[in-house]
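Working notes for the structure below.
Numbered from 1 within each chain, the chains take letters A, B, ... in sequence-line order. Quick note: numbers below take in every heavy atom, side chains included, and nothing from hydrogens, waters or symmetry partners.
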Protein chains: 2
Amino acid sequence: MSDAVERILEQWRRERPDLDVSPMAVIGRMTRAMNAAELQLTRNFSRHGLDSGSFDVLATLLRSGSPYSLSPAALADSAMVTSSAIAQRLNKLADRGLVVRSKDPDDKRGTVVTLTPEGKALVERVLPDHLATERSLIKGLGAEEQAKFMEVLGRIEANASEG
Amino acid sequence: MSDAVERILEQWRRERPDLDVSPMAVIGRMTRAMNAAELQLTRNFSRHGLDSGSFDVLATLLRSGSPYSLSPAALADSAMVTSSAIAQRLNKLADRGLVVRSKDPDDKRGTVVTLTPEGKALVERVLPDHLATERSLIKGLGAEEQAKFMEVLGRIEANASEG
DNA sequence: TATTGTTATACTCTATAACTATA
DNA sequence: TATAGTTATAGAGTATAACAATA
């Protein structure tokens, strides 16, 4: 477990008793939990020959519903990355035949990205495993605990977004 | 806030009503909170001309106490990265005169990494701001909320480490 | 001129493997 | 032979800025 965090706090208290290092406990444990969780999620993606960026694009297209088409801008917006990052993800996915790019008929500057049948089949195969991995991460947490946990996460996100 | 998460869940429920996507809410909010938090922490480091890897090394040396010396192996262990990653971080820090490498007198294969006065002064300058940033992230959370939150994080980390 | 999207370039961080020196 | 550490190399992922095409 993360008594590594407790050991670090004790070092700080010995070396800098003048500082209140208690926030390190919360942020430290959050960082460690997230790293461990990400490792599991990434591991699942790579079992299916994907990385999290690629999965994110495929899943965004799938959940947008038929005809499974979005603009690069919409994908960038959803992923909270630059359009350049999306373009590079799309290059990889298009090379593998998982998505296709076509011209937007309404605005010839625009591109329409569409899931191919292969891409749709792949993401539909990965999705149940992804959900199972996520479910295993929150195993043992009751509905109320989850709700309270999410509420606290929301406040942390809000605090961060103010700054 | 992350009603973006709620919108995503609604898309999934419409497109795949057969799947229980509720775990996505928890993991999604955790991911978003962590990303937003990391942005703040990173921003503070770069105000001081540091990145998180460099700060981590300097802080690990400082909290180890006088004479502020550790082996590269101990630093790698603490940071949970490879010795190669530590060597490269040390190259950068040594170039800037923030740490020095010397031979371990007891084992001539070994290296002793020591904080220079400049390195010590820098990390001591950054530390209060770092703690202030962390404190602002958990602003509004009572002691009990923090304790419960950390307990849940610990269980998630444990769940992840089993897998 | 503004917007959409792509590419060229560079940067950061990291791991793998080869290498040096010492035990 | 094994261990401590470094470096050479390569890979992933990203952003910034320049660019092309269209509005």
Notebook entry, point to check: Are the charged groups of A:Glu15 and B:Arg63 less than 4.0 angstrom apart, N to O?
Noted result: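 Salt bridge absent between A:Glu15 and B:Arg63.
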Checklist line | B:Arg29/A:Glu151 ion pair, N-O < 4.0 Å | finding: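 So B:Arg29 does not pair with A:Glu151 through a salt bridge.
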Measure the distance from [atom1] on [X] to [atom2] on [N] and round it to the nearest whole Å.
| X | N | atom1 | atom2 | value |
| --- | --- | --- | --- | --- |
| B:Asp106 | D:dA4 | CG | P | 14 Å |
| B:Asp95 | D:dT6 | CG | P | 13 Å |
| A:Asp56 | D:dT14 | CG | C1' | 14 Å |
| B:Leu50 | C:dT12 | CG | P | 13 Å |
| A:Leu39 | C:dT14 | CG | P | 15 Å |
| B:Asp51 | D:dT14 | CG | P | 18 Å |
| A:Asp104 | C:dT6 | CG | P | 12 Å |
| B:Leu70 | D:dA4 | CG | C1' | 15 Å |

Notebook entry, point to check: Run the side chain to side chain donor-acceptor pair (under 3.5 Å) check on B:Ser84 and B:Arg89 step by step: do they pass?
Noted result: CA-CA 9 Å; B:Ser84 159; B:Arg89 289 184 189 180; over 6 Å; no
Item checked: Residue mapping more 5' on DNA chain D - nearest nucleotide basis, A:Ser52 or B:Val113 ->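 Whichever sits nearer the 5' end wins; that is B:Val113.
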Checklist line | Most 5' of B:Val112 and A:Gly53 on DNA chain D, judged by nearest nucleotide | finding: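 That would be B:Val112.
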Margin query: To the nearest 0.5 Å, what is the distance between CD on B:Glu118 and CG on B:Leu93?
Written below: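 If I round to the nearest 0.5 Å, the distance is 13.0 Å.
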Next item on the list: Nearest 0.5 Å please: distance from the CG atom of B:Leu137 over to the CD1 atom of A:Ile27.
Entry: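 Answer rounded to 0.5 Å: 4.5 Å.
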Next item on the list: For residues B:His130 and B:Phe45, establish whether the separation of their ring centroids is below 6.0 Å.
Entry: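 For B:His130 and B:Phe45, the ring centres are under 6.0 Å apart.
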Note to self: Counting only side-chain heavy atoms from C-beta out, which of D:dA21, C:dT22, C:dG5 sits nearest to A:Arg109?
What the structure shows: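 Output: D:dA21.
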Check: Among the nucleotides C:dT6, D:dA23, C:dT22, which one has an atom lying closest to any side-chain atom of B:Asp107?
Finding: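 Between C:dT6, D:dA23, C:dT22, the one nearest the side chain of B:Asp107 would be C:dT22.
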Margin query: Show the nearest heavy-atom pair for residues B:His48 and B:Arg125, with the distance to one decimal.
Written below: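 Here B:His48 and B:Arg125 meet closest at CE1-O, 4.1 Å.
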Next item on the list: Please work out which residues in residues 80-94 of chain A have a non-hydrogen atom less than 4.0 Å from an atom of DNA chain D and list them by number.
Entry: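 Those residues whose heavy atoms fall under 4.0 Å from DNA chain D, taken from residues 80-94 of chain A in numerical order, are A:Thr82, A:Ser84, A:Ala85, A:Gln88, A:Arg89, A:Lys92.
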